[in-house]
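This is the structure, below, for whatever I ask next.
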Amino acid sequence: MALENNINEKLLKPYDPKETESRIYKLWEESGLFNPDICIEKGFTEKNAESFCISFPPANVTGILHMGHALGTTIEDIMIRYNRMRGKRTLWVPGTDHAAIATQSVVEKELLKKENKSRYDLGREEFLKRVEKFADESHNTIIGQLKKMGSSMDWSREAFTFDEKRNLAVRTAFKQMYEDGLIYRGLRIVNWDPKGQTVVSDDEVDHKPNKAKFYTFKYSKDFPISISTTRPETKVGDTAVAVHPDDPRYKEFVGKTYTIDNFCGVKLEIKIIADYEVDKGFGTGALGVTPAHSVIDWEMAQKNNLPIIQVIDEKARMMIDNENLKGKKTTEAREIIVEWLKKEGLLEKEEEIEQNISVADRTGGTIEPLPKLQWFIDVNKKIKNRGDKSLKELMLEPIRDKEIKLIPNYFDKTYFHWIENLRDWCISRQIWYGHRIPVWYKGEEIYCNTEAPKEDGWIQDEDTLDTWFSSGLWTFSTLGWPEKTEDLKTYHPTNVLETMYDILFFWVARMILMSEYILGEKPFNTVYLHGMVKDKQGRKMSKSLGNGINPIEVIEKYGADAVRMSLIVSKSPGIDMRIAEEEIKGYKHFANKIWNITRFVLDNTKEIKYDKNFENYSEKDLDLQKERHDLIVDITKDMDDYKFYIASEKIYHYTWHQFADIILEDSKKIFENGTEEEKLSRRQFLLHTLNKILVCLHPFMPFITEEIWGLLPEKNKNLLIVEPWPQISRKL
RNA sequence: GGGCGGUUAGCUCAGUUGGUAGAGCGCUUCAUUUACACUGAAGAUGUCAGGGGUUCGAGCCCUCUACCGCCCACCA
């Protein structure tokens, strides 16, 4: 009897993921089973089943997905598929993020490169059209990529951080915070990015090491105190010199004011003040106070009632009324002033030092601290209907009280540290792509609401919101808030938030803030933080190094199942991982192994009918059954503990090195020399074990397992995605 | 400056409540078409970074040190 007639011809050839995966994904989509409502409708999920929900971290519409996205998506899909198989009412909400500044920067860069134009050349309306077109294209690419990874997301609930519903959520949240006095407008020294022409928050500033010249000089020959600086050009804006109150060298001068008639052509009034912030041991122990261009100096100016003179404008050019300096770039002005100091014999010392310079993380522009009127969220104000707690406390408490569990838990400490140092969050941006601030002005009057005022003459604030404001609402804005929807009731708080550790502050903290403040509940129970995907040598994958692995390319080559396994097996949470193509290739071999296991099992069991409840196992097979049962108990526990890296390795090891290498080899002997009872027992065992392997492996390798599931001879079988996970006794 | 993490086989990493050191890849030898060569069998490889302590017993707990990595702050 020829083999070919009895088992599917597909199995005679090596497993072909490329042919299989798109077909299987389509099958799933057509079944509708990614949608929990349909699972209930079709009877796969109990209506009152416990819910399990993950909000997919909305992917930035800035281009294509990278390996990090592939990792996160895989981990989440594993959790979703596992919980769906456990019978839970399981929802994975997909979405994308408009990513305001990130997306705008990408489009601006392209515009400059291709057309040599700035956004101002196009104007707000035309520029926004370009951004939207780009965002739309990126969105489509991203959705396609997520499907290729096998993500079992409920596409009917897809959301975008900048669609109509989310925009309403943003306006509603803003209004509520404004009315509670948590959002206020204030004049502050902010991080101004001259390149992006916008303010950025403290979290969006990176520090880069930089060699700088450190100059020590006096404002004039008669001035009693020398000061030091790396930025002489700001010194034309000085209004004081601060010294330590206990510094004997300068005590006698404190309180006096000196007039310098000519400091590089500028007249200065310098008051000598005492402040404990000053470090006696640094430089000359005296600090030239520039209130308009330094945060600490600004604070000193407030305390001492000093005049504030802005000398640098938004384009990082000198705005002081002086013919030598006006309109000059800060770097040019620096040279002019240093030359002048040299000429006048005022420069005492010039040394090279290592310092850090602040740059905007998206544009790379050098941050210029400037005083500006911006919108802030007050993190310290007590909130009446939240038990007089501040936003800071609302963010801190769920983590401190273990109501939200971080995996790995050592991130708790990092989180606390960040909260302790948290200052008011600047939420207004001068970029164009984003949620417009729902505030209108008419003369001195200010109006804040979700809709524009009806009367004429009101002008809306030009600014847009920090992108993290809308992402902060994500766990509940995706479930329909501000409407009181069924979804919101059923799925919030969500169960798990899975993301990379680098946005713990940007995003995770902001979600806790928003959910605790607006809904009075946590946004999720567990935060699973994954590490960064690096190349074989441990370097960050980047375009400039050209060492990135494109997930889609490797999926084409080795299959999504193999890519998923390579990202999961023995890769612990929170820890950066290295990935090499050979490793992915290894799991393609594994897929083929499973394929051939199936071929062997089906070929050797075609005489019998699979009996799920078969009981007459031989003694040997009872031992094997026990071993298999113990393994499933183990794996189930690992899955419940979020230890996918261990569970996946165990099932891999069992499949290849126990089932294939030992049990299948042993079966050949039984089929040759065994009794009829032994043969029947083993045949039933093989079929039963193959079934269990497919089930347990499904969350990790969904495509091949579903494909084989469909090739098994049993009739009336449901899709594997809704096959119940094995029931195990928890007694042991 | 403050904080966090790491150091285990040649490489990449696991190692549950303390109880005889593990996996994958690689390497050596053998098997040569057997469900699978995208294969199988056998094998070699460790001062668990170092010192000290607790314990009957430490890779794991405590303590000190060294080195690597990351985060936050930032001295003008």
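Lettering of chains follows the sequences in order, A, B, ..., and the numbering in each one begins at 1. What you see is a predicted model; the values in this text were computed from it and never measured.
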Among A:D621, A:I670, A:I608, whose side chain to side chain contact (heavy atoms under 4.5 Å, CB included) with A:R683 holds?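 For A:R683, the side chain to side chain contact (heavy atoms under 4.5 Å, CB included) check succeeds only for A:I608.
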
By nearest heavy atom, map A:Y652 and A:A286 onto RNA chain B; which one lands nearer the 5' end?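 The 5'-side residue here is A:Y652.
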
Does the pair A:K557 and A:E581 meet the rule for a salt bridge (Lys or Arg N to Asp or Glu O under 4.0 Å), with working shown? CA-CA 10 Å; A:K557 237 167 137 180; A:E581 213 174 304; 2.6 Å; yes

For atom CG of A:N210 and atom P of B:rC74, their distance in whole Å: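 So the CG-P distance, A:N210 to B:rC74, works out to 17 Å.
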
Short side-chain to backbone donor-acceptor contact, A:D424 and A:V379, under 3.5 Å: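 Flag set: sc A:D424 to bb A:V379 pair under 3.5 Å.
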
Could you tell me the separation between the CD atom of A:E583 and the C1' atom of B:rU12, rounded to a whole number of Å?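 About 7 Å, once rounded to whole Å.
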
Can you check the distance between B:rA14 and B:rA9, where both ends of the measurement are the P atom (answer in whole Å)?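 Here B:rA14 and B:rA9 have their P atoms 12 Å from each other.
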
What nucleotide among B:rC74, B:rU39, B:rA76 has an atom nearest to a side-chain atom of A:R423?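 Of all the options, the side chain of A:R423 is nearest to B:rC74.
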
Assess whether one donor atom and one acceptor atom, taken from the side chain of A:H417 and the base of B:rC71, lie less than 3.5 Å apart.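 Check fails, no donor-acceptor contact within cut-off.
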
Specify the separation, in whole Å, of atom CZ of A:F505 and atom P of B:rC4.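 Value for this atom pair: 13 Å.
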
A:A580 near the nucleic acid: base, sugar-phosphate alone, or nothing, with a heavy-atom cut-off under 4.0 Å?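 Nothing, no nucleic acid heavy atom in range.
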
Would you please indicate if the ring centroids of A:H530 and A:Y501 are separated by under 6.0 Å?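 No - the distance between ring centres of A:H530 and A:Y501 does not fall below the 6.0 Å cut-off.
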
Which value, in whole Å, describes the distance between the C1' atoms of nucleotides B:rU7 and B:rA35?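 Straight-line distance between the two C1' atoms is 44 Å.
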
Consider the side chain of A:K413, meaning its heavy atoms from C-beta on, and name the nucleotide among B:rU16, B:rA76, B:rG5 that approaches it most closely.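 Comparing B:rU16, B:rA76, B:rG5 against the side chain of A:K413, the answer is B:rG5.
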
B:rC75, OP1 or OP2 - any side-chain N/O from A:S228 closer than 4.0 Å?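 Answer is no, no contact under 4.0 Å.
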
Which of the following nucleotides, B:rA14, B:rC36, B:rG24, is nearest to the side chain of A:H657?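 Closest nucleotide to the A:H657 side chain: B:rG24.
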
Do any side-chain nitrogens or oxygens of A:W656 fall under 4.0 Å of OP1 or OP2 in B:rG24?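 Checking B:rG24 against A:W656, no side-chain N or O comes under 4.0 Å of OP1 or OP2.
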
Rounded to whole angstrom units, what separation is found between the NZ atom of A:K669 and the P atom of B:rU34?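 Distance check: A:K669 NZ to B:rU34 P gives 18 Å.
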
Among side-chain atoms of A:N596 and A:Y15, is any donor-acceptor pair under 3.5 angstrom?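 No, no side-chain donor-acceptor pair sits under 3.5 Å.
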
Using a cut-off of 4.0 Å on non-hydrogen atoms, how would the nucleic acid contact of A:T290 be classed: base, sugar-phosphate, or nothing?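 Counting heavy atoms under 4.0 Å across all strands, no contact is made by A:T290.
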
When you get a sec, tell me which of B:rA41, B:rC36, B:rA76 is the closest nucleotide to the side chain of A:D661?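 The listed nucleotide nearest to A:D661's side chain is B:rA41.
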
Please give the distance between the C1' atoms of B:rG51 and B:rG43 as a whole number of Å.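 One C1' to the other, the span is 37 Å.
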
Out of B:rA14, B:rA73, B:rU34, which has the shortest distance to the side chain of A:K668?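 Output: B:rU34.
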
Quiz item: A:K593 side-chain donor-acceptor pair to B:rC36 base, under 3.5 Å: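 In this structure, the two groups form a donor-acceptor pair.
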
Backbone N/O of A:D16 and side chain of A:W595: donor-acceptor pair under 3.5 Å: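 The answer is no, because no donor-acceptor pair under 3.5 Å joins these two groups.
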
How would you label the contact of A:S294 with the nucleic acid (heavy atoms, under 4.0 Å): base, sugar-phosphate, or nothing?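 No contact at all - A:S294 keeps every heavy atom at 4.0 Å or more from the nucleic acid.
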
If you only use heavy atoms from C-beta on, which nucleotide in B:rC72, B:rC75, B:rA76 is closest to the side chain of A:V278?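 Nearest listed nucleotide: B:rA76.
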
Taking only the side-chain nitrogens and oxygens of A:Y645, find out if one of them lies under 4.0 Å from OP1 or OP2 of B:rG24.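 It does not, given that no N or O in the side chain of A:Y645 lies less than 4.0 Å from OP1 or OP2 of B:rG24.
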
Can you measure A:D202 atom CG to B:rC71 atom P for me and round it to whole angstrom units?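 These atoms are roughly 17 Å apart.
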
Starting at atom CD1 of A:I663, determine the distance to atom P of B:rG40, rounded to an integer number of angstrom.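 It is 15 Å, rounded to the nearest whole Å.
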
Rounded to the Å, how far apart are A:I227 CD1 and B:rA76 P?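 In whole Å, B:rA76 P lies 13 Å from A:I227 CD1.
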
Say we look at B:rG50 and B:rA21: how far apart would their P atoms be, to the nearest angstrom?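 Looking at atom P only, B:rG50 and B:rA21 are 16 Å apart.
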
Rounding to the closest angstrom, what is the interatomic distance between B:rG26 and B:rG69 at atom P?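 To the nearest whole Å, 29 Å.
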
If you look at every strand shown and take non-hydrogen atoms under 4.0 Å, does A:L504 touch a base, only sugar-phosphate, or nothing?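 Nothing: the residue A:L504, judged by heavy atoms under 4.0 Å, touches no strand.
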
Interatomic distance at C1', B:rC60 relative to B:rG53, whole Å: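 Nearest-Å result for B:rC60 against B:rG53 at atom C1': 15 Å.
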
Suppose we call a contact any N or O donor and acceptor under 3.5 Å apart; does that hold for the side chain of A:E665 and the base of B:rA35?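 Flag set: donor-acceptor pair detected.
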
How close or far is atom P of B:rA41 from atom CD of A:Q658, stated in whole angstroms?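 Going from A:Q658 (CD) to B:rA41 (P), I get 11 Å.
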
Closer than 4.0 Å, any side-chain N/O of A:R578 to the OP1 or OP2 of B:rC13?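 Answer is yes, contact under 4.0 Å.
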
Taking the side chain of A:D279 as heavy atoms from C-beta outward, which of B:rU39, B:rA76, B:rA23 is closest to it?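 The answer is B:rA76.
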
Starting the side chain at C-beta, find the nucleotide from B:rA23, B:rC13, B:rA35 nearest to A:R599.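 Closest nucleotide to the A:R599 side chain: B:rA35.
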
Distance check: side-chain N/O of A:Q355 vs OP1/OP2 of B:rA76, anything under 4.0 Å?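 A:Q355 to B:rA76 OP1/OP2: side-chain N or O found under 4.0 Å.
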
Would you mind telling me which of B:rC38, B:rA76, B:rC13 lies closest to the side-chain atoms of A:T230?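 So the nucleotide nearest the side chain must be B:rA76.
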
Test of understanding: with side chain to side chain contact (heavy atoms under 4.5 Å, CB included), list the residues that count as partners of A:A301, not counting sequence neighbours.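 Applying side chain to side chain contact (heavy atoms under 4.5 Å, CB included) to A:A301 gives A:P291, A:L306, A:I308.
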
Any strand: nucleotide that pairs with B:rG1 via Watson-Crick or wobble, under 3.5 Å: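 Base-paired to B:rC72.
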
Distance between the C1' atoms of B:rG5 and B:rG19, in whole angstroms?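 After rounding to an integer number of Å, I get 28 Å for this pair.
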
Given the C1' atoms of B:rC56 and B:rU20, what is the spacing between them in whole Å?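 Here B:rC56 and B:rU20 have their C1' atoms 15 Å from each other.
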
Side-chain donor/acceptor contact of A:N356 with base of B:rC74 under 3.5 Å: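 In this structure, the two groups form a donor-acceptor pair.
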
Please name the nucleotide paired to B:rG40 by Watson-Crick or G-U wobble geometry with both distances under 3.5 Å, or report none.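 Its partner is B:rC30 (Watson-Crick or G-U wobble, both distances under 3.5 Å).
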
Of the candidate nucleotides B:rA76, B:rG24, B:rC36, which contains the atom at the shortest distance from the side chain of A:H653?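 Nearest nucleotide to the side chain: B:rG24.
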
Using purine N1 to pyrimidine N3 plus N6-O4 or O6-N4 for Watson-Crick, or N1-O2 and O6-N3 for G-U wobble, each under 3.5 Å, what pairs with B:rA66?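 Its partner is B:rU7 (Watson-Crick or G-U wobble, both distances under 3.5 Å).
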
For A:M577 and for A:K588, find the nucleotide of RNA chain B with the closest heavy atom, then tell me which residue's nucleotide is more 5'.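 It is A:M577 whose nearest nucleotide is closer to the 5' end.
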
A:F644 ring center within less than 6.0 Å of A:F700 ring center: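 Centroid separation for A:F700 and A:F644: 6.0 Å or greater.
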
Would you say a side-chain N or O of A:K13 is under 4.0 Å from OP1 or OP2 of B:rC36?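 A:K13 to B:rC36 OP1/OP2: no side-chain N or O under 4.0 Å.
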
What do the steps show when you test A:K271 against A:T239 for side-chain hydrogen bond (donor to acceptor under 3.5 Å, both in side chains), and what is the final call? CA-CA 6 Å; A:K271 188 178 178 183; A:T239 55; over 6 Å; no

